[in-house]
Amino acid sequence: MRRPLKYVVGSLVLAVTVSAAAPALSRPAPETGRFPSVPSEHSVSSKDPVSSKDPVPGKDWPTATPAQLGLKASKLKEIAATARRGKSNCLAVVRHGKLAGEWYFNGTGPNTTQQVFSVTKSITSTLVGIAQDDGDLRIDRSASRHVPQWRNTPAAAVTVRNLLSNDSGREWSTTIDYDTFIRSADQTAFAVGLSQPNPPGTVWAYNNSAIQTLQEVLHNATGREVRGFAQQRLFGPLGMSHTRMSTDRAGNAQTYSGVTSTCRDLARLGLLMLRHGQWGTRPIVSKRWVAQATGRPSTPMNAAYGYLWWLNRHGVQADALAPLTLETALDPNTPRSRLVPGAPASTYWAIGLGNQVIQIDPGTDTDVVRHGKAEFLPQPPTFGPVEASKVITEAIRRR
């Protein structure tokens with residue numbers, strides 16, 4: 001029986017090492033929860049347009065009360081209480097570029113970092129977009145341009161787009177992806193050296209090792225060490241000062257998992273996406289890339305997947321722990337649904353093991369971030385996309 005995607009989407013990557021199975025926390029602070037305090041309030045419609053003058057955070061976040069941002073404070077408190085019961089470490093809600101509220105649990109605070117697991121994949125997607133904008137690569141071209149070992153082999157048919165879409169056809173099994181691969185000292189070499197059992201575009205699989213080959217693609221395409229590229233072109237310009245990519249034992253940046261970050265830092269990435277890749281007056285990644293990565297499914301085999309971002313589009317929902325073939329996806333008897341049926345179709349997420357979440361909703365200009373306990377298969381109570389979506393569906397003040 002196919003396990004519904006909503007039950008496994010938050011647990012899609014194991015820790016890089018056994019010790020990483022629990023979040024690594026730093027800089028503890030008392031348990032807190034607060035709304036910003038400002039002198040006046042007014043109602044804001046969810047349909048209010050985004051202004052070019054809307055702020056982006058500098059060293060500190062601009063803040064406003066929930067009411068000023070068109071949000072119900074009482075409902076946000078209810079959602080935060082659900083987050084606390086759901087083994088969360090932090091929850092942040094941003095609307096119109098301003099911090100409407102943030103809550104910290106279990107001794108964490110604004111500068112507390114933890115591993116965010118497969119949220120890393122969405123960061124990798126953004127780095128690929130930047131590299132394409134620079135002209136260093138083209139996602140529709142063979143990845144073998146940047147992975148010499150694949151030239152003149154069946155893997156030469158794999159494009160960078162296939163790697164971003166998880167339909168590369170690269171070798172996959174649970175044993176490989178969640179044991180042999182993550183225990184390899186040189187994860188990039190291991191991933192590059194796997195076989196090509198299926199033609200690209202014929203099988204969808206949540207393939208961590210295939211995504212790790214994007215390290216080789218980015219490194220060779222840009223001529224830069226990937227961690228340095230991320231720091232110079234993404235983390236630094238956005239002020240994500242507490243965010244770092246991890247490496248395997250050979251020193252390769254891990255592009256499938258391993259980023260450590262704070263709730264506030266990830267909210268900056270969410271705001272970048274809401275601003276179509278623009279950070280104030282500075283372009284970080286093109287509007288075209290943001291639309292390509294998140295605007296529609298990247299493959300007919302999974303309506304819930306863009307370019308390493310999770311979508312809320314209606315269609316076939318692939319099981320993250322079992323491959324899905326194109327033949328099955330095209331079968332009219334295969335069930336179709338949405339990742340979070342009650343949320344808008346335009347909503348999308350970066351999601352990591354244990355429901356580490358960045359939720360982005362362009363229609364309401366909201367950005368929600370949640371960190372929590374690392375659980376391979378989250379057990380209730382937890383707090384994932386369904387719970388985070390209540391910020392959109394229940395906390396917006398409607399005129």
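Side-chain atoms are counted along with the backbone in the values below, which use heavy atoms only and exclude waters and symmetry mates. What you are looking at is a predicted structure, and each value in this text was computed from that prediction instead of being measured.
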Quick check: does any side chain N or O of [X] sit under 3.5 Å from a backbone N or O of [Y], one acting as donor and the other as acceptor?
{"X": "Thr222", "Y": "Leu218", "value": "yes"}
{"X": "Gln114", "Y": "His371", "value": "no"}
{"X": "Thr262", "Y": "Asp265", "value": "yes"}
{"X": "Trp204", "Y": "Leu326", "value": "no"}
{"X": "Arg264", "Y": "Trp61", "value": "no"}
{"X": "Asn162", "Y": "Thr159", "value": "yes"}
{"X": "Ser184", "Y": "Thr180", "value": "yes"}
{"X": "Gln356", "Y": "Leu353", "value": "yes"}
{"X": "Ser88", "Y": "Arg84", "value": "no"}
{"X": "Arg95", "Y": "Leu69", "value": "yes"}

Side-chain donor-acceptor pair present, [X], [Y], cut-off under 3.5 Å:
{"X": "Gln317", "Y": "Arg338", "result": "no"}
{"X": "Asp361", "Y": "Thr347", "result": "yes"}
{"X": "Tyr256", "Y": "Ser209", "result": "no"}
{"X": "Asp133", "Y": "Ser286", "result": "yes"}
{"X": "Arg170", "Y": "Gln196", "result": "yes"}
{"X": "Lys121", "Y": "Thr124", "result": "no"}
{"X": "Glu171", "Y": "Ser195", "result": "yes"}

Do [X] and [Y] come close enough that some side-chain heavy atom pair is under 4.5 Å?
{"X": "Trp349", "Y": "Val340", "answer": "yes"}
{"X": "Ile79", "Y": "Glu387", "answer": "no"}
{"X": "Pro62", "Y": "Pro57", "answer": "yes"}
{"X": "Phe181", "Y": "Gln187", "answer": "yes"}
{"X": "Thr202", "Y": "Thr325", "answer": "no"}
{"X": "His219", "Y": "Arg224", "answer": "no"}
{"X": "Asn355", "Y": "Phe383", "answer": "no"}
{"X": "Trp309", "Y": "Ser122", "answer": "yes"}

[X] [atom1] to [Y] [atom2] distance, which is reported to the nearest 0.5 Å:
{"X": "Glu394", "Y": "Leu76", "atom1": "CD", "atom2": "CG", "value": "11.0 Å"}
{"X": "Ile360", "Y": "Thr294", "atom1": "CD1", "atom2": "OG1", "value": "7.5 Å"}
{"X": "Leu234", "Y": "Leu269", "atom1": "CG", "atom2": "CG", "value": "6.0 Å"}
{"X": "Ile123", "Y": "Leu308", "atom1": "CD1", "atom2": "CG", "value": "11.0 Å"}
{"X": "Gln132", "Y": "Ile139", "atom1": "CD", "atom2": "CD1", "value": "5.0 Å"}
{"X": "Asp248", "Y": "Phe190", "atom1": "CG", "atom2": "CZ", "value": "12.0 Å"}

Minimum heavy-atom separation for [X] to [Y], with atom names?
{"X": "Ser168", "Y": "Val158", "answer": "O-CG2, 3.5 Å"}
{"X": "Gly354", "Y": "Pro378", "answer": "CA-CG, 4.1 Å"}
{"X": "Ala345", "Y": "Arg313", "answer": "O-NE, 3.4 Å"}
{"X": "Val391", "Y": "Leu71", "answer": "O-CD2, 4.4 Å"}
{"X": "Ser125", "Y": "Ala293", "answer": "OG-CB, 4.0 Å"}

- side chain to side chain contact (heavy atoms under 4.5 Å, CB included) evaluation trace for Val259 with Val119: CA-CA 8 Å; Val259 162; Val119 170; over 6 Å; no
- What's the verdict on side chain to side chain donor-acceptor pair (under 3.5 Å) for Thr260 and Gln115, showing C-alpha distance, side-chain angles and the deciding distance? CA-CA 4 Å; Thr260 57; Gln115 187 178 161; over 6 Å; no
- Query: For the hydrophobic clusters of this structure (ILVMFWY residues joined by side-chain heavy atoms under 4.5 Å, transitively), does one cluster hold both Val93 and Ile392?
  - Reply: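 As far as the 4.5 Å side-chain criterion goes, Ile392 and Val93 are not connected within one cluster.
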- Shared hydrophobic cluster for Tyr305 and Val203 (ILVMFWY, side-chain gaps under 4.5 Å):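 No, Tyr305 and Val203 fall in different hydrophobic clusters.
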Is atom [atom1] of [X] surrounded by more than 12 heavy atoms (other residues, nucleotides or ligands) closer than 6.0 Å?
{"X": "Glu327", "atom1": "CD", "answer": "no"}
{"X": "Asn152", "atom1": "CG", "answer": "no"}
{"X": "Arg151", "atom1": "CZ", "answer": "yes"}
{"X": "Arg288", "atom1": "CZ", "answer": "no"}

- For side chain to side chain contact (heavy atoms under 4.5 Å, CB included), just list the numbers for Arg227 and Thr247, CA-CA rounded to whole Å, side-chain angles, deciding distance to a tenth of an Å, and then say yes or no. CA-CA 9 Å; Arg227 287 189 306 164; Thr247 65; 3.3 Å; yes
- Go through Thr108 and Asn89 one step at a time and tell me if the side chain to side chain donor-acceptor pair (under 3.5 Å) criterion holds. CA-CA 6 Å; Thr108 66; Asn89 293 323; 5.5 Å; no
- Query: Given the rule in the side chain to side chain contact (heavy atoms under 4.5 Å, CB included) test, do Gln359 and Arg370 qualify, once you have shown the distances and angles that lead to the verdict?
  - Reply: CA-CA 9 Å; Gln359 174 179 279; Arg370 182 264 186 184; over 6 Å; no
- Query: What do the steps show when you test Gln215 against Thr255 for side chain to side chain donor-acceptor pair (under 3.5 Å), and what is the final call?
  - Reply: CA-CA 6 Å; Gln215 186 273 332; Thr255 50; over 6 Å; no
- Passes salt bridge (charged side-chain N to carboxylate O under 4.0 Å, His left out), Arg268 versus Asp367? Steps please. CA-CA 9 Å; Arg268 290 171 183 264; Asp367 170 12; over 6 Å; no
- Task: Report the C-alpha distance between Asn302 and Val316 in whole Å, list the side-chain angles of each, state the deciding distance to 0.1 Å, and finish with yes or no for side chain to side chain contact (heavy atoms under 4.5 Å, CB included).
- Result: CA-CA 5 Å; Asn302 191 355; Val316 173; over 6 Å; no
- Would you call Glu375 and Lys87 a salt bridge, using N to O less than 4.0 angstrom?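 Yes, Glu375 and Lys87 are salt-bridged.
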- So, are Asp365 and Arg275 salt-bridged, with charged N and O less than 4.0 Å apart?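 Here Asp365 pairs with Arg275 in a salt bridge, since their nearest N and O are under 4.0 Å apart.
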- Under the criterion side chain to side chain contact (heavy atoms under 4.5 Å, CB included), which of Thr188, Leu194, Leu163 is the partner of Thr213?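 The passing option is Leu163.
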- Query: Can you list the steps and then say if Ser173 with Tyr178 is a side chain to side chain donor-acceptor pair (under 3.5 Å)?
  - Reply: CA-CA 8 Å; Ser173 72; Tyr178 298 110; over 6 Å; no
